[in-house]
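See below for the structure under consideration.
A note on names: the letters A, B, ... follow the listed sequences, proteins ahead of strands, and every chain is numbered from 1. Everything quoted here is computed from the prediction, not taken from an experiment.
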Amino acid sequence: MPSLFELPTPRAARALLGATLVHGRVAGTIVETEAYAAEDDPACHACNRRTARTEVFWGEGGLAYVYLCYGLHWCLNVVAHPKGRGGVVLLRAAMPVSGLDEMRRRRGRDDPPERVASGPARLTQAFGVSGVLNGADLRRGEFRIEPPVRRPGRIAAGPRIGITKAVGLLYRYWIEGHPAVSK
DNA sequence: CAATAGATCATCT
DNA sequence: GATGATCTATTGC
């Protein structure tokens with residue numbers, strides 16, 4: 001029985017819906033993800049470019065890949081792929097379970113719960129995630145992901161957001177009808 | 001309400 | 001020197 005983080009990346013992305021992201025006192029349910037495969041996926045940072053930064057794509061499942069986007073936003077990914085391959089899952093949105101005040105304080109604004117972590121960069125802001133957590137082991141510790149305890153609702157799929165390549169791949173997944181899914 | 005500009009930097013060419 | 005897996009504020013209808 002392979003762990004959640006050893007599934008093919010698109011399946012791992014779906015399996016992470018309904019999981020809980022925890023960082024200390026703050027926790028939330030993951031409601032939206034995207035898959036980025038290292039092979040055969042031109043939109044992926046690691047496609048044909050195995051460099052120092054992307055090395056973790058082929059690393060142990062469950063490790064964090066955190067990178068800076070557009071010079072000011074952090075994005076949080078989890079390494080997930082069958083052994084011998086490479087790929088990560090981008091965490092795009094979460095619904096707060098605890099620590100809502102902390103999230104609002106970090107964001108510096110009084111967002112409603114379903115919007116405070118609705119978007120890749122909002123999520124990292126609300127959860128206090130930045131580059132120093134790159135490479136962290138999300139399977140254990142203060143900063144971790146707990147597998148879903150129940151099946152989430154119906155899962156929808158669509159094209160990924162904000163990319164210019166491989167637009168035809170339906171690698172974005174979300175819990176259908178969930179208010180915290182990004183716009 | 002929809003469209004767009006600007007912020008800002010690690011990483012790679 | 002170019003390039004983004006984004007967000008927000010502001011402008012223009």
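In this entry dA2(C) has dT11(B) as its Watson-Crick or G-U wobble partner, both defining distances falling under 3.5 Å. Across all strands shown, dC1(B) forms a Watson-Crick or G-U wobble pair, both distances under 3.5 Å, with dG12(C).
Distance from the side chain of Arg49(A) is smallest for dT13(B) among the nucleotides dT13(B), dA10(B), dT6(C). In this structure, of dA5(C), dC12(B), dT6(C), it is dA5(C) that holds the atom nearest to the side chain of Tyr67(A).
Here dT8(B) presents its P atom at 15 Å from CH2 of Trp74(A), a figure rounded to the nearest Å. Between Tyr65(A) atom OH and dA10(B) atom P there is a gap of 14 Å when expressed in whole angstrom units. The CG atom of Leu68(A) sits 13 Å away from the P atom of dC12(B) (whole-angstrom rounding). One can place CG of Leu72(A) at 14 Å from C1' of dT3(C), the figure rounded to the nearest angstrom. Distance, Tyr171(A) OH to dA5(C) P: 17 Å, rounded to whole Å. Remark: C1' of dG4(C) and CG of Asn77(A) are 14 Å apart, rounded to the nearest angstrom. If you measure from atom CZ of Arg122(A) to atom C1' of dA9(C), you get 13 Å, rounded to the nearest angstrom. The interatomic distance linking Glu55(A) (CD) with dA10(B) (P) rounds to 21 Å, in whole Å.
When heavy atoms are screened at a 4.0 angstrom cut-off, Ala121(A) is found touching the sugar-phosphate backbone but no base atom. The residue Arg109(A) sits close only to the backbone: its heavy atoms come under 4.0 Å of sugar-phosphate atoms, none of a base. Note on Ile163(A): only backbone sugar-phosphate atoms sit closer than 4.0 angstrom, heavy atoms only; bases stay farther off. Using a 4.0 Å heavy-atom distance criterion, Arg160(A) is classed as making no nucleic acid contact.
Applying the 4.0 Å criterion to OP1 and OP2 of dA5(C), one finds that His45(A) has a side-chain N or O inside that range. For Arg92(A), a side-chain nitrogen or oxygen approaches OP1 or OP2 of dT6(C) to under 4.0 Å. Applying the 4.0 Å criterion to OP1 and OP2 of dA5(C), one finds that Arg53(A) has every side-chain N and O outside that range. Regarding contacts with the backbone of dC7(C), every side-chain N or O of Arg115(A) stays at 4.0 angstrom or more from both OP1 and OP2.
Pairs engaging residues 13-23 of chain A under the side-chain hydrogen bond (donor to acceptor under 3.5 Å, both in side chains) rule: Arg14(A)-Tyr173(A) [sequence neighbours left out].
Under the salt bridge (charged side-chain N to carboxylate O under 4.0 Å, His left out) rule, Glu32(A) has a single partner from Arg92(A), Lys183(A), Arg122(A), which is Arg92(A). Shown are Arg85(A), Arg160(A), Lys165(A), Arg49(A); of these, the salt bridge (charged side-chain N to carboxylate O under 4.0 Å, His left out) with Asp41(A) is made only by Arg160(A).
For an aromatic pair to be called close, the ring centres must be under 6.0 Å apart, and Tyr67(A) with His45(A) satisfies this. Ring pair Phe57(A)/Tyr65(A): centre-to-centre distance below 6.0 Å.
Between Thr164(A) and Asp111(A), the one whose closest nucleotide on DNA chain C sits nearer the 5' end is Thr164(A).
For the P atoms, the distance linking dA5(C) with dT13(B) amounts to 14 Å, nearest Å.
You can call Tyr36(A) stacked on the base of dA5(C); the centres are under 5.5 Å apart and the planes sit within 30°.
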Run the side chain to side chain donor-acceptor pair (under 3.5 Å) test on Gln125(A) and Arg107(A) for me, step by step, so that the C-alpha distance in whole Å, both residues' side-chain angles and the decisive distance to 0.1 Å come before the verdict. CA-CA 6 Å; Gln125(A) 240 189 324; Arg107(A) 295 247 316 135; 2.7 Å; yes
